[in-house]
Amino acid sequence: MSTSPRTLADDSRCPCGSGDTLGACCGPILRQERRAGTAEALMRSRYTAFATGDIEHLLRTWHPHERPTRSDLESTLTDDARWLRLDIRATSGGGPFDDERTVEFVAIARTARGRQEQHEISRFVREGGAWLYVDGDV
Ligand SMILES: [Zn+2]
């Protein structure tokens, strides 16, 4: 598959379902114009990266200890899933100075095999001011 992301206009609805436009939500994070301020914002930007096929953003925001190889990641994305919706169920962790957080979400996609729901509790850590995805329990 092509590794160049599907481009969406900044004034289109953000795929993560925040209700904001892409330009006011995940767009600047995917373009590295700003960092995700919270684990949830990073989670949303990663969902948008899945939805638009932005492999670079997924790799960049994956903790180096857990990061898959590019080819492994590409093979999981060739499933031609159409990501329909993201529901953030819960976020946990301490206060604003806590550097570890979990985000529970359900992501819904339509694939060749029908409707798929991914329910995951993802772990995030903040290193050097940047939130990173570590791994998740499905
Ligand atoms: Zn968004």
Side-chain angles (χ1 to χ4, degrees):
M1 81 175 252
S2 158
T3 56
S4 63
R6 189 160 59 87
T7 47
L8 288 173
D10 263 0
D11 60 357
S12 58
R13 263 176 73 92
C14 193
C16 80
S18 63
D20 277 326
T21 61
L22 182 66
C25 188
C26 299
I29 299 173
L30 267 63
R31 292 195 299 263
Q32 300 185 77
E33 291 167 9
R34 64 179 172 83
R35 284 174 166 176
T38 64
E40 181 180 332
L42 183 68
M43 167 68 228
R44 289 183 173 281
S45 74
R46 286 176 53 84
Y47 173 87
T48 297
F50 271 109
T52 58
D54 189 338
I55 285 178
E56 299 307 323
H57 182 71
L58 294 171
L59 291 172
R60 191 163 63 228
T61 57
W62 219 307
H63 195 282
H65 293 167
E66 302 290 338
R67 184 187 296 152
T69 65
R70 174 180 301 271
S71 58
D72 280 355
L73 182 58
E74 279 176 353
S75 67
T76 67
L77 294 177
T78 51
D79 203 12
D80 79 37
R82 239 177 74 72
W83 293 91
L84 302 176
R85 201 170 83 233
L86 173 69
D87 287 334
I88 304 275
R89 294 288 170 86
T91 61
S92 71
F97 302 108
D98 197 342
D99 286 337
E100 287 183 32
R101 207 164 265 273
T102 62
V103 178
E104 180 179 0
F105 70 92
V106 178
I108 296 163
R110 195 185 307 125
T111 71
R113 285 161 293 137
R115 193 173 184 274
Q116 306 276 321
E117 260 192 37
Q118 183 175 0
H119 186 182
E120 181 178 315
I121 298 176
S122 299
R123 274 183 290 280
F124 295 86
V125 294
R126 185 163 47 189
E127 289 190 358
W131 283 102
L132 295 169
Y133 172 75
V134 181
D135 59 8
D137 293 327
V138 179

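Note that ligands are numbered from 1 as they come in the structure, with each ligand's atoms numbered from 1 the same way.
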Distance-only, no hydrogens or angles: does the Asp87 side chain make a donor-acceptor pair with backbone N or O of Arg89 under 3.5 Å?
-> no
Kindly say whether Arg101 contributes a backbone atom to a donor-acceptor pair with the side chain of Arg126 at under 3.5 angstrom?
-> no
Determine which pairs satisfy salt bridge (Lys or Arg N to Asp or Glu O under 4.0 Å) with at least one residue from residues 18-28, sequence neighbours left out, and list them in order.
-> none
With a 4.0 Å cut-off, would you call Glu56 and Arg70 a salt bridge?
-> yes
Could you tell me how the ring of Trp83 sits relative to the ring of Tyr47: parallel (under 30°), tilted (30 to 60°) or perpendicular (over 60°)?
-> perpendicular
Determine whether Arg123 and His63 make a side-chain contact, defined as any pair of heavy atoms from C-beta on separated by less than 4.5 Å.
-> no
What is the total of protein N/O/S atoms that are closer to the Zn ion (ligand 1) than 2.8 Å?
-> 4
